[in-house]
There are 2 protein chains.
Amino acid sequence: MPSRPSRERAAKVTLNDVAMVAGVDRSVVSRVINGDPNLSVRQETRQRVLDAIDRLGYRPNAAARSLRTARAYMFGLVIPDFANPVYAEIIKGAERAAGNLGYGLMTASSGGVQLGLAHHLALLGQGRVDGLLFAGEETGHELEQLRTSAVPWLLVNRRIEGSRRYVVLDDERGSGLAVEHMVALGHRRIAHLAGPEGADTARRRRAGYTAAMTEAGLNPDPRHVVHADYTSDGGAAAMTALLRIEPRPTAVVVANVASAVGALHTLHEAGLSVPGDLSVIAIHDMPLAGHLVPALTTVRMPLGRLGERALELLATSNLTDDITEVVTEPVDVVVRASTAPPR
Amino acid sequence: MPSRPSRERAAKVTLNDVAMVAGVDRSVVSRVINGDPNLSVRQETRQRVLDAIDRLGYRPNAAARSLRTARAYMFGLVIPDFANPVYAEIIKGAERAAGNLGYGLMTASSGGVQLGLAHHLALLGQGRVDGLLFAGEETGHELEQLRTSAVPWLLVNRRIEGSRRYVVLDDERGSGLAVEHMVALGHRRIAHLAGPEGADTARRRRAGYTAAMTEAGLNPDPRHVVHADYTSDGGAAAMTALLRIEPRPTAVVVANVASAVGALHTLHEAGLSVPGDLSVIAIHDMPLAGHLVPALTTVRMPLGRLGERALELLATSNLTDDITEVVTEPVDVVVRASTAPPR
DNA sequence: CTGAAAGCGCTTACAG
DNA sequence: CTGAAAGCGCTTACAG
């Protein structure tokens with residue numbers, strides 16, 4: 001049992017109170033509030049009800065409504081880390097879509113409190129939300145728990161082995177475009193600063209990189225692919241490793257904008273000029289990218305649309321349906337100052 | 001009425017089902033789950049209950065529990081924008097504190113959906129959460145609505161005229177330290193790239209700047225204080241304005257790290273060297289700051305502690321109490337490469 | 001020591 | 001057309 005914070009609440013106003021004041025049955029008040037089309041009530045009576053609600057400051061009790069209707073009018077989204085700006089866009093998209101459906105969206109992080117999915121199912125599952133979006137680092141084992149839960153769920157921006165319920169971006173195309181951009185500039189030694197080995201997005205971005213290199217008739221040097229987690233520290237370390245390789249690449253496709261911040265910093269420390277000595281492009285565009293030194297060329301991915309679409313699919317699908325969707329909205333290169341022809 | 005997503009749910013397991021399978025009354029199951037100390041039951045019976053819960057995959061219905069106990073075991077936090085990394089730290093702190101109390105925390109943004117506080121009160125108020133933290137841009141008018149609500153609330157990181165329920169950081173001290181750092185390096189023409197005029201944090205940081213300048217025997221040139229919103233675009237524009245002033249300042253105290261990113265970019269574009277031509281320090285430390293070019297000297301503020309403390313106060317105070325707390329945890333300067341003596 | 005019963009605040013099929 | 005009643009899934013004071 002959680003400890004019990006002491007508190008006095010302002011007097012609670014219920015439907016009954018409103019009904020008393022308005023001089024009608026509480027079922028009438030309920031119908032007025034919910035706009036029941038089968039209710040016919042004199043305009044004057046309706047106004048009395050509305051006035052009473054206003055005067056008493058009545059607000060429906062969400063728990064009671066949820067219990068009665070078996071519907072919470074709320075969805076949940078679990079992300080690994082609020083500090084990662086990639087998730088901010090996904091959250092915004094999902095909030096927008098939830099709002100359009102008349103629902104709310106509550107976001108929680110799985111990273112801060114290391115409690116895992118069971119914790120979130122207990123906290124968010126059953127009666128609190130009508131569905132759960134997971135953009136985190138859930139494992140296959142945790143997926144099993146989801147299967148026994150009665151709460152509809154969907155993975156966002158990642159697939160997990162054995163799961164048939166996910167929405168992802170076209171990550172292959174994203175890094176493919178990045179490679180094509182470098183090839184068009186005349187680069188041939190194009191490295192890939194990939195994401196963490198375990199991450200599904202990293203795997204797909206790497207696959208897109210390899211495919212595009214092959215497509216361009218280039219045979220990527222295996223040493224030119226290095227892994228890093230999606231943080232600036234990770235990007236800095238991986239770039240340091242990459243700089244030790246001879247012959248040095250003339251261009252790098254970085255799997256994530258946070259890693260790119262660290263990579264740029266390492267290059268600056270090493271006295272290398274971007275894009276003079278090395279061109280850099282990163283996956284995911286955001287305002288920050290335009291203000292880095294030098295301004296970073298990126299591949300813009302439809303993160304907001306991903307969040308939006310995930311929420312829509314969660315809201316309208318049956319729990320037993322397979323959902324294996326790739327968001328097809330356009331992916332494009334935002335050219336800034338960090339890429340140029342090799343010299 | 002919201003539109004109604006179609007869905008089939010997995011069969012719902014209730015307390016009654018568990019009781020049937022375990023061969024006990026449902027009140028016993030409830031007491032086992034909640035660890036009622038007054039319950040004495042044979043170990044064997046307890047095990048039967050636990051097994052039944054496990055086998056059926058029973059999960060308590062949060063709505064029913066909330067309705068019955070008038071307690072949601074959940075707090076809410078409303079922030080203006082998930083893309084602002086300052087809030088990520090506050091969220092993490094609040095999640096930590098909520099977890100320690102056995103509560104959950106749900107975060108929503110007020111910026112994405114432009115629906116204001118009334119929307120959030122309807123969605124989160126009454127029965128859904130036991131209290132609401134607001135770190136957003138609520139107005140005095142909206143505060144009135146809070147007063148009529150039965151949900152305990154608290155403002156975080158900002159005060160509003162007329163409000164006696166808030167927790168804030170020592171912003172005066174933050175910018176004071178920044179000024180002292182510049183003074184110690186030998187600067188005398190120290191400008192302030194302040195936050196938005198309306199923002200409470202901006203006002204307090206500006207006051208701290210002015211006080212520290214006076215304390216140091218410096219009379220700040222009024223033209224050396226320019227306002228910008230807390231974004232990199234805002235910082236870039238404000239820095240452009242600052243550069244037009246003669247004599248040019250040799251140091252700038254920037255009210256926010258996001259603005260500082262834009263300011264650094266403007267300086268780079270203008271061909272000015274940091275810290276050679278101009279030293280820059282910003283309020284709020286985060287990993288990104290260490291990886292900017294040049295690495296940014298910052299004032300580290302206890303944002304996580306702010307979130308933590310806010311949640312604790314929300315959980316333990318009475319709604320009628322005044323709460324006017326300044327988090328006193330240490331504020332300190334993180335020296336990196338963007339500050340140096342004037343040349 | 002355990003079970004039966006009441007009731008939290010709603011919604012909605014049903015009877016009047 | 002409106003009101004009375006049942007019931008959603010829990011918890012807990014109370015009776016046996």
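Side chains are part of it too, since the values below use all heavy atoms of this structure and drop only hydrogens, waters and symmetry mates. Numbered from 1 within each chain, the chains take letters A, B, ... in sequence-line order.
Rounding to whole angstrom units, NZ of residue A:Lys12 and C1' of C:dG7 are separated by 13 Å. To the nearest angstrom, C1' of D:dG3 lies 15 Å from CG of A:Asn38. Per the geometry, CG belonging to B:Leu67 stands 14 Å off C1' belonging to D:dT12, to the nearest Å. Between the C1' atom of C:dG9 and the OH atom of A:Tyr58 lies a distance of 7 Å, rounded to the nearest Å. Rounded to whole Å, atom C1' of D:dC8 lies 12 Å from atom CG of B:Asn16. Distance B:Asp25 CG to D:dC14 P: 18 Å, rounded to the nearest Å. Rounded to whole Å, atom C1' of C:dG9 lies 15 Å from atom CE of A:Met20. Nucleotide D:dC10 holds its P atom 8 Å from the CD1 atom of B:Ile33, rounded to whole Å.
Between B:Ser30 and the phosphate of D:dT11, there is a side-chain N or O to OP1/OP2 separation shorter than 4.0 Å. The side chain of B:Tyr73 places no N or O atom within less than 4.0 Å of a non-bridging phosphate oxygen (OP1 or OP2) of D:dC10. A sub-4.0 Å separation between OP1 or OP2 of C:dT11 and a side-chain N or O of A:Arg65 is present. Residue A:Asn34 places at least one side-chain N or O closer than 4.0 Å to OP1 or OP2 of C:dT11.
Of the candidate nucleotides C:dC10, D:dC10, D:dG3, D:dC10 has the atom lying nearest to any side-chain atom of B:Leu15. Minimum atom distance to the side chain of B:Arg68 is reached by D:dG9, of the listed D:dG9, C:dG3, D:dG7. In this structure, of D:dT12, C:dG9, D:dG9, it is D:dT12 that holds the atom nearest to the side chain of B:Ser27.
Comparing B:Ala64 and A:Asp36 by the nucleotide of DNA chain C that holds the closest heavy atom to each, the one mapping nearer the 5' end is B:Ala64.
Inter-residue side-chain proximity for B:Tyr58 and B:Leu15 is flagged as met; some heavy-atom pair is nearer than 4.5 Å.
The two residues B:Thr69 and B:Tyr73 have their closest heavy-atom pair at OG1-CE1, 4.4 Å.
Counting any heavy atom pair closer than 4.0 Å across all strands shown, B:Thr69 reaches sugar-phosphate atoms only and no base atom.
Checked by distance alone, A:Arg31 brings a side-chain donor or acceptor within 3.5 Å of a matching partner on the base of D:dG3.
Under the 3.5 Å distance criterion, the side-chain polar atoms of B:Arg165 are left unmatched by any main-chain donor or acceptor of B:Arg159.
Each of A:Leu311, A:Val78, A:Ile90, A:Val167 was evaluated against A:Leu133; a single residue qualifies, A:Leu311, per the side chain to side chain contact (heavy atoms under 4.5 Å, CB included) test.
Shown here, C:dA4 forms no base pair; nothing in the strands shown gives a Watson-Crick or G-U wobble contact with both key distances under 3.5 Å. In this structure, C:dA13 forms no base pair with any nucleotide, since neither Watson-Crick nor G-U wobble geometry is met with both distances under 3.5 Å.
Between B:Lys92 and B:Glu95 no salt bridge is recorded (no basic side-chain N to carboxylate O distance below 4.0 Å).
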